[in-house]
Every structure is written in structure tokens, then in C-alpha cells.
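Structure record follows, encoded as C-alpha cells.
Chain naming here is simple, since letters A, B, ... match the order of the sequence lines and numbering starts at 1 in each.
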Protein chains: 2
Amino acid sequence: MDDVMAPPGRALKHVQVREYVRTLVGGSSPGSPAPSERELVQRFGVARMTVRQAMDALVVEGLLERIPGRGTFVARPRRTASKITGYTEEMTRRGLLAESQTLLARREQAGPGVARALSLTEGDAVIHWRRLRRADGVPMCLEDAYLNEVLLPGFLQQGMPTSLYDSLDARGLRPTWAEDSITADKATAEEAGLLEVEPFSVVLRHSRRALCDDKVVEVSRTVYRADRFTLWVQLGQDC
Amino acid sequence: MDDVMAPPGRALKHVQVREYVRTLVGGSSPGSPAPSERELVQRFGVARMTVRQAMDALVVEGLLERIPGRGTFVARPRRTASKITGYTEEMTRRGLLAESQTLLARREQAGPGVARALSLTEGDAVIHWRRLRRADGVPMCLEDAYLNEVLLPGFLQQGMPTSLYDSLDARGLRPTWAEDSITADKATAEEAGLLEVEPFSVVLRHSRRALCDDKVVEVSRTVYRADRFTLWVQLGQDC
DNA sequence: TAGTGGTCTAGACCACTAT
DNA sequence: TAGTGGTCTAGACCACTAG
């Protein structure tokens, strides 16, 4: 436990109780009982409101479920909506080897469309990064990403990473919200050549505008080979 | 206020405080201050923990934001993930007139694929509903929906509604979670004829498996004209 | 009847912000 | 210095569930 290393007097009591309960029920199956509130009052020598504060957090989080008159139990995991992922994560999740070949990585002046999408002014400096991306060695898609240079100082000088989303993560800019549009189309001659398919083959076009809090961190357009790629999306209410 | 009609002794105090604050800050813009906790203690003559319980609920809900040392303020609305919608809702949202023509609506025995997707056994009774759907009079997509007859008793006898999702809503079966897959493809000859496009035109195929709690309420396959339809998806973290 | 969560009180001290 | 939210105490009564 991390708590061993922490100054003992510093840890908040409701946090201590919360983390105790979390580790206690960590591996339990849904429906298993959690300790009763009064039991935790005894064990930690705290007031009941303190225990309730701890348990409330776990209930909001979806780990526990209260049943009046019966007790508190491990909740069944909520079905979750899709994480916002990039190509590397997604292909890895599918058990494929993700590789990328940078075709272009440079500073450009934003055109009207890209400027609007990035919430910038036309002519502002943006990073344009074009990659041919493979899965298990076979061309899968061609991606054009546009990034706000102000948010990513020194990005082009640091050598391009494999995963854009890892880089964003490292800078605390992991997208928290994204709007995607998806269409079916035919490949242009250039796209077909790079993707190694016949000209005018069917492709899936995927555009994304990704935000971290209120900052637009990525605008991208990706064209996928339709014969190799299916897009999966999970949607959830609430949360 | 609803409270006027409610038995005065019945309303829980933290609910009274919560709803008072909700209506008070209802129309306010983000950043507006909410009453301080001690001010509400005075106004309602309750303990501070009761006020905190009320405010906690509004914070979890995303309406309020606490800033230690400063006060409690109206939060900026969270960006939300896409609602799970059907065709009628989606087209209406886009300002188009949604119309449907039922091509088939009957009881069938589930084949292996549909049975698995609906969490049924092969041969179980399912409802198969095929519709040609128009937007502003022009064919937009062809949809095959498969429904669990046990969850929708008398569905076929009641005359087919325009919106499946409205019917599900009315029965308390509005989907809370959905998994979609999206691919690009070419239309079959039959599809092309119904959609009034050239044979082998590019289409967008969209499959959905929608659940309400743990019940599979809809399994569908839809083929959209690529020249008329773009799919939009919003993704959010947490929620 | 004993145990559970739900609600509620009337205080207290703390760190932080703003003036 | 005054006001705010964050944390915490040591009780209390209620409705409900289960044996």
C-alpha cells in the first residue's frame, strides 16, 4: 500500500477509510458485502459521517451500491462508453502491431478550415503531421493531424513519437472530449497508392476534433482501407 | 414550485435545500455565485451537514462547482457524449423530415447470429422489422431491426410506430448502452434498387446492439447512402 | 428484535481567499 | 480580518430488512 510511505498524520481520515474499503473489496465479485458503516466506525475510531463521506465517494464512483435495510455491496461494473483513443492504442487493443511512417511533419500556417477547427486564427502556426499507419505490416490508414503549436512547444524538435496520444498524455493534454464524423467514400489516386489498394477503392473517412478541457488539442482526418478496418464505438447514457 | 403542493412535513430537508438552490441558480450563467453554505444554514434553519448533502448532490450532478476559500459557483456545462438515438430522433435533430416505409414486420425464428446478439437461443421468436427510411422524401437508409418478442408483448399487433425508440421509451426500455460497428462498403443490387442509387454505390454500414440495463432490446443493421449521410459521434471521458 | 442505511443536529478547527 | 469551503465529532431518531 502507498500509505505506508506517507506521513501518517497527513492522510485524511475519510481517504484512509475509502482506500481501506477499496482494497478490501477490490477483487470481490458484484454482490459481495462491504463492511457496515458502524463496523468501520469501530475499526477506525471515527464518526459515522466520516465513514459515510468515504462510502459516498465509492458509491458515486460506481464501486459500491447501498441497499437500505440490508447493507452496502459491491456493485456490478457499469458499462462504459468508449475511451477516446488514438490509432496505436486501438490497434494494440485489437492485438495488432501498430507501426507508423511519417510522411510529413512541419510547421505550417493554418488555413481557414484548420484554424476554425483548432479555435485559432487563419495564418497562426500549426503542426501538420502526416503518417501512413500499418497494422501487422499492412497499410491500414493515412492520417493527417493538425496540432496547436502553442500547446506543444518544441514538439517537432523532440523527434516524433509513435503515439500522439502518449505525448499528449505526458503533457497533461489527454483528450477528455471528442467529436468524430465518419463517412464512406472512394480513395483518391494518391490515397490508393499509399494504402496499396486499387484506385477508387472504398474507404472509411474519419475526422476528429479532440479537446482537453476547453483546449482543442487535435484535429485530424484519417482515411482507412474499408477492406481492413471496422470502427467500433460504445455509447453510454449518464456517466 | 412543486413543493407548494407537497405535504409540508414529508419533504426531506436536504431535498428542499437542493431544489431551492437548483431553481435559484437555474438560469444563471457559469461562474455566478450560489448561496454560501452558512447562508443556507440560516435561511432553512438546518445543520451545515444537511446543506452540504444538498450541495454535494448538485456538485456530483455537474450543476455547481466548489472553490475552497472562495465559494460555490455555477459550473460550466459539461460536454456530453452522444445520446443513444434512433433514426427518427437523429434526422429531426438535423432538421430533416423522417419518414419510414415498412417493408417487412413479422415474427421469425432467430438464426444463430441474431440469437447470439439478442442473448437468446437459436429458434426463439424474434420480431424482424425492415424499413426503408427517407429524409425529406429522399431514400436515406435501409434498416433491419431484430427485437426480443418477450420484451415487447403485442408489439406487432399494435400497429407499427414511426419511432422504435419512442416505443421502447414508453415501455421503460430506452437503451442505456449501445455498441455500434461502422464500415464502408458497396451496395448490393437489392440495396441499390431500394435506395435509388447505382448498383455498387458506396454505402456506410452501421450495426447496433442496444441494451437497457442488462437486457438486449435492439439488434439492427442499417445501410446508409454514403452520398447523403455522415455519422456524427461525440465521445466523453468520465461522465 | 437486531442490524442496516437514511437523515439530521450543533457544534468545532483547519487552510485558503479576499479585502 | 472576515468569510469560504473541507474536515470531523458524538451523538440521535427513522424506516426498512432479516432471522
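When rounded to the nearest whole Å, the span between CE of B:Met55 and C1' of D:dT7 equals 17 Å. Distance B:Lys13 NZ to D:dC14 P: 14 Å, rounded to the nearest Å. Rounded to an integer number of Å, the gap from CE of A:Met49 to P of C:dC8 is 11 Å. Rounded to an integer number of Å, the gap from CZ of B:Arg38 to P of D:dA2 is 14 Å. Distance, A:Phe73 CZ to C:dG5 P: 8 Å, rounded to whole Å. B:Gln42 places its CD atom 13 Å from the P atom of C:dT9, with the value rounded to the nearest Å. We find that CZ of B:Phe44 is positioned 19 Å from C1' of C:dA10, with the value rounded to whole Å. Atoms CD1 (A:Ile67) and C1' (D:dA15) sit 16 Å apart, rounded to a whole Å.
Within the shown strands, D:dT9 is the pairing partner of C:dA10 under the Watson-Crick or G-U definition, both distances less than 3.5 Å. When both pairing distances are held under 3.5 Å, C:dC16 makes a Watson-Crick or G-U pair with D:dG3.
Residue B:Met55 holds its CE atom at 13.0 Å from CD of B:Gln53, rounded to the nearest 0.5 Å.
At D:dG6, one or more side-chain N or O atoms of B:Arg52 fall inside 4.0 Å of OP1 or OP2 (strictly under the cut-off). Phosphate contact (OP1/OP2 of D:dT9, side-chain N/O of A:Thr50, threshold under 4.0 Å): present. Considering only side-chain N and O atoms, A:Arg70 lies nowhere under 4.0 angstrom from the phosphate OP1 or OP2 of C:dG3. Note on B:Ser36: a side-chain N or O is less than 4.0 Å away from OP1 or OP2 of D:dT4.
A:Arg131 and A:Tyr87 share no side-chain donor-acceptor pair at under 3.5 Å. Between the side chains of B:Thr183 and B:Arg205, no donor-acceptor pair of N or O atoms lies under 3.5 Å. Under the 3.5 Å distance criterion, with hydrogens and angles disregarded, no donor-acceptor pair is assigned to the side chains of B:Trp232 and B:Ser82.
Comparing atom distances between the B:Thr72 side chain and each of C:dC8, D:dT7, D:dG5 picks out D:dG5 as nearest. Of the candidate nucleotides D:dG6, C:dG5, D:dA10, D:dG6 has the atom lying nearest to any side-chain atom of B:Arg48. Closest contact between the side chain of A:Gln53 and the listed nucleotides D:dT9, D:dC8, C:dG6 involves D:dC8.
Looking at which nucleotide of DNA chain D each of A:Gly69 and A:Ala47 is closest to, the 5′-most match is held by A:Ala47.
Using cut-offs of 30° and 60° for the angle between ring planes, the A:His128 and A:Tyr146 rings count as parallel.
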